[in-house]
Amino acid sequence: MDNAKIAAAFDQLADLLEFQGANAFRIRAYRNSSRVIRDYPESIASLVHTDPGALTDINGVGKAVAEKCVALVQTGQLPQIQEILQQVPATVLDMLRVPGLGPKKAALLYRELGIENLEQLEQACQQQQVRALKGLGAKTEQQILQGIAIADAANQRIYWYEADQIATELRSHFSSCTGIDQFEFAGSYRRGRETVGDLDILVVSSDPEQVMDHLASFPAVEETIARGDTKMSIRLTTSFQVDLRVVAQESFGAAFQYFTGSQAHNVHLRGLARQRGLKINEYGIFRVEEEDEIYIAGETEEDLYAALDLPVFAPELREARREFEWAEHNTLPELITTTDVIGDLHMHTTASDGKHSIEEMVAAARQRGLQYIAITDHSQRVTMANGLDPGRLLEQWKQVDQFNETLDDDFLVLKGIECDILEKGGMDLPDEVLAQADWVLAAIHYGQKQPREQITDRLLEAIANPHVCSVAHPTGRLINRREPYAVDMDAVFQAAADHGKMLELNANPVRLDLDDIQCAAAHSHGIPIVINTDAHHIDGLGVMPYGILQARRAGLAREDVANTRSWPELRALVGVVSG
DNA sequence: GCCGTTTTCGGCCCGACTGTTTTCAGTCG
């Protein structure tokens, strides 16, 4: 059982307890445990087997949660959840996905009307039974009906790059709005999360009404969810939500910090403030004295963090993972930036399933400021993609050699291959062919549904192959589309570290594979990360910034990423076991 | 349920907006 599954169980337990009206702090403790476990870089299940006593060393995991982890790993179930499900059907939790419906109203509907699922809820609203309940009225009934219709779409998180497109359109839309002194996007978009649930716009303006009117006139607006004096929420035709907040100049930094989050980061920050007799809200940081609250700072994030003797954390790090610990020990990493990457070691050409020739890929890569690329077409097993057999591959490499001679000294094309890891195990090309490559990626394309042990063995065998330099898209996941393979990543990290191999962070915004937590875990094993575009088109080279954003979220510095180095320096790292 | 350089008990981040209410609970971020 992986950490995500364990975390999901605690989330479900928290949802059920909230529905039952349990103590709010107990619920929060479970949610906190869930987050900590989901973000934990090592396998909790392994810990349960090897050293269960160490579970409570994890901040946010106490005796009760540790015991539940053991039960979960050993039996696959949580007795407490089973117990509650005797009394409450699991489908009631679907009601919580309806915008505007929370645990209190859902529990009321279940208790008073016996509503157990969304179908019954819709019926009850249509038959006007809901408005009869105390505290609920006709408007709520209408809202629920609308909410049911968009429940799935409204809860869908979109890819970061899609949010980026919307953000660009909104920024452009607001360029014609006068009276705006500052305009920024905050939230998970600013933190660079791989998916984004909504967009948060923060504006400094003396005329909030005008700014809100301007947002309402954005062409893609479907409806206004809420609009007050300083805050407005809209839903786009795609059901995607955009929140706007208008603040005063002296509060801009505090609001920017607050709306950037994450919630867990903010909770921790505010706890630190309380310990010092300070209070943080979106208007500033205040000293609490008797009756008064005295404004200390808030115009910039720098001022706000400085008031707590903290550095301004890069937004990508604000997840209450390790940033506060790093700050305390003065070991905050200087995060990698987009200009640090100078090579790209995974791309395809017309020889397999790419759309452009080697020459075209090179020209596009040079235009993007790269100094070297590896051509890594598919190997023969990947028939759908016209994969290369040894003959075609050796022919391509001859072309690469010839082409390199026509280039200036400031650019290099590497003879590479994305060699399939066969379903039965082993590499798709003979060792004597792989030995002639400059750069060998190993990747799984078939047998993705194999049992955990089998897939893990395939990967470990590939990593041990002396010609393999790196594993491409190591987990095979496609965000929102396909689960990762069942694979023992702890074993993969151990093997990569033992053999001195690199792991890829595939920058395709739908892959981002490894993810941020896995990247951080790989890094803690001393494994160099190589960020590649896996481009199948010259435009595909443009996805590199998404990968870099993910690397930043993993806390990686320039030196942690292999393709920030010159090719000779990078190549010298392969096979070197640090110790 | 978790946590502790004030604390092993008593705290736990904070505010905007809405709908249904006559002062506030629920939801959301």
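Throughout, protein chains are lettered first and strands after them, A, B, ... in sequence-line order, and every chain is numbered starting at 1.
Contacts of residues 100-122 of chain A with DNA chain B (heavy atom under 4.0 Å): G100(A), L101(A), G102(A), P103(A), K104(A), K105(A). Sorted by residue number, the members of residues 57-68 of chain A with any non-hydrogen atom under 4.0 Å from DNA chain B read I58(A), N59(A), G60(A), V61(A), G62(A), K63(A), A64(A), V65(A).
Spacing between dT20(B) and dG15(B) at atom P, rounded to whole Å, works out to 26 Å. Comparing dC14(B) with dT8(B), their P atoms sit 22 Å apart, to the nearest whole Å. Atom C1' of dT23(B) sits at a distance of 16 Å from the matching atom of dC17(B), rounded to the whole Å. Going from the P atom of dC13(B) to that of dC3(B) covers 14 Å, rounded to whole Å. On the C1' atoms, dA16(B) is 29 Å away from dG10(B), given to the nearest whole Å. Comparing dT22(B) with dC28(B), their C1' atoms sit 24 Å apart, to the nearest whole Å. Rounded to a whole angstrom, the distance from the C1' atom of dG11(B) to that of dT7(B) is 9 Å.
Where Q143(A) and V98(A) each meet DNA chain B at their nearest nucleotide, the meeting point lying more 5' is that of Q143(A). Across the interface with DNA chain B, nearest-nucleotide mapping of F259(A) and I225(A) shows I225(A) to be the residue nearer the 5′ end.
Among the protein residues, R245(A) comes within range of the sugar-phosphate backbone only, with heavy atoms under 4.0 Å from sugar or phosphate atoms but none that close to a base. Backbone-only contact: Y30(A) has heavy atoms under 4.0 Å from sugar-phosphate atoms and none from a base. Within the nucleic acid shown, L269(A) has no heavy atom closer than 4.0 Å to any nucleic acid atom. Within the nucleic acid shown, A138(A) comes within 4.0 Å of sugar-phosphate atoms alone, with no base atom in reach, counting heavy atoms only. In this structure, D229(A) reaches the sugar-phosphate backbone alone: every heavy-atom distance under 4.0 Å involves primed, P, OP1 or OP2 atoms, never a base.
Figure legend: cation-pi geometry between R245(A) and F256(A) absent, as NZ or CZ is not positioned both under 6.0 Å from the six-membered ring centre and within 45° of its axis.
Taking only side-chain atoms of N281(A), from C-beta outward, the nucleotide of dC14(B), dG1(B), dG19(B) with the closest atom is dC14(B). In the set dC17(B), dG29(B), dG1(B), dC17(B) carries the atom at the smallest distance from any side-chain atom of T230(A). Side chain of K231(A), nearest nucleotide from dT20(B), dA16(B), dG1(B): dA16(B). The listed nucleotides are dG1(B), dG29(B), dT18(B); the one nearest the side chain of D200(A) is dG29(B).
By the 30° and 60° cut-offs, the orientation of the rings of F286(A) relative to Y295(A) is perpendicular. Note: H265(A) and F324(A) have parallel aromatic rings, judged against thresholds of 30 and 60 degrees for the angle between ring planes.
In a base pair of the Watson-Crick type (N1 to N3 plus N6-O4 or O6-N4) or a G-U wobble (N1-O2 and O6-N3), with each distance short of 3.5 Å, dG19(B) is matched with dC24(B).
Checking Q550(A) against E194(A) by side-chain atom types alone, a donor-acceptor pair falls below 3.5 Å. Inspection of the N59(A) and E325(A) side chains reveals no N or O donor paired with an N or O acceptor under 3.5 Å. Side-chain atoms of T238(A) and E222(A) form no donor-acceptor pair, as typed in the model, at a separation below 3.5 Å.
Look at S233(A) and you won't find any side-chain N or O under 4.0 angstrom from OP1 or OP2 of dC28(B). In this structure, Y189(A) does not reach the dG29(B) phosphate: none of its side-chain N or O atoms is under 4.0 Å from OP1 or OP2. Put simply, R270(A) has no side-chain N or O that comes within less than 4.0 Å of OP1 or OP2 on dC13(B).
One interatomic measurement links the two molecules: NZ of K279(A) to C1' of dG11(B), which rounds to 17 Å at whole-angstrom precision. Atom pair Q263(A):CD and dA16(B):P shows a separation of 17 Å (rounding to whole Å applied). If you take CD1 of I144(A) and C1' of dT18(B), they are 13 Å apart, rounded to a whole angstrom. Atom pair F324(A):CZ and dC3(B):P shows a separation of 16 Å (rounding to whole Å applied). In this structure, M95(A) places its CE atom 13 Å from P of dC28(B), rounding to the nearest Å. Distance CG (D243(A)) to P (dG15(B)): 18 Å, rounded to an integer number of Å. Straight-line distance from the CZ atom of R191(A) to the P atom of dG29(B): 13 Å, rounded to whole Å. In this structure, the CZ atom of R235(A) is 10 Å from the P atom of dC28(B), given to the nearest Å.
Taking 4.5 Å as the limit, some side-chain heavy atom of V211(A) sits within range of a side-chain heavy atom of F174(A). Proximity of C69(A) to F10(A): side-chain heavy atoms (C-beta onward) are separated by under 4.5 Å at one or more points. With contacts defined as side-chain heavy-atom distances shorter than 4.5 Å, the pair M212(A)/K231(A) does not qualify.
For Y159(A), the ring pair (Phe, Tyr, Trp, His ring centres under 6.0 Å) criterion is met by Y161(A), not counting sequence neighbours.
With hydrogens and angles disregarded, a donor-acceptor distance shorter than 3.5 Å links the side chain of N281(A) to the backbone of G284(A).
Atom OG1 of T337(A) is separated from atom CD1 of I548(A) by 7.0 Å, given to the nearest 0.5 angstrom.
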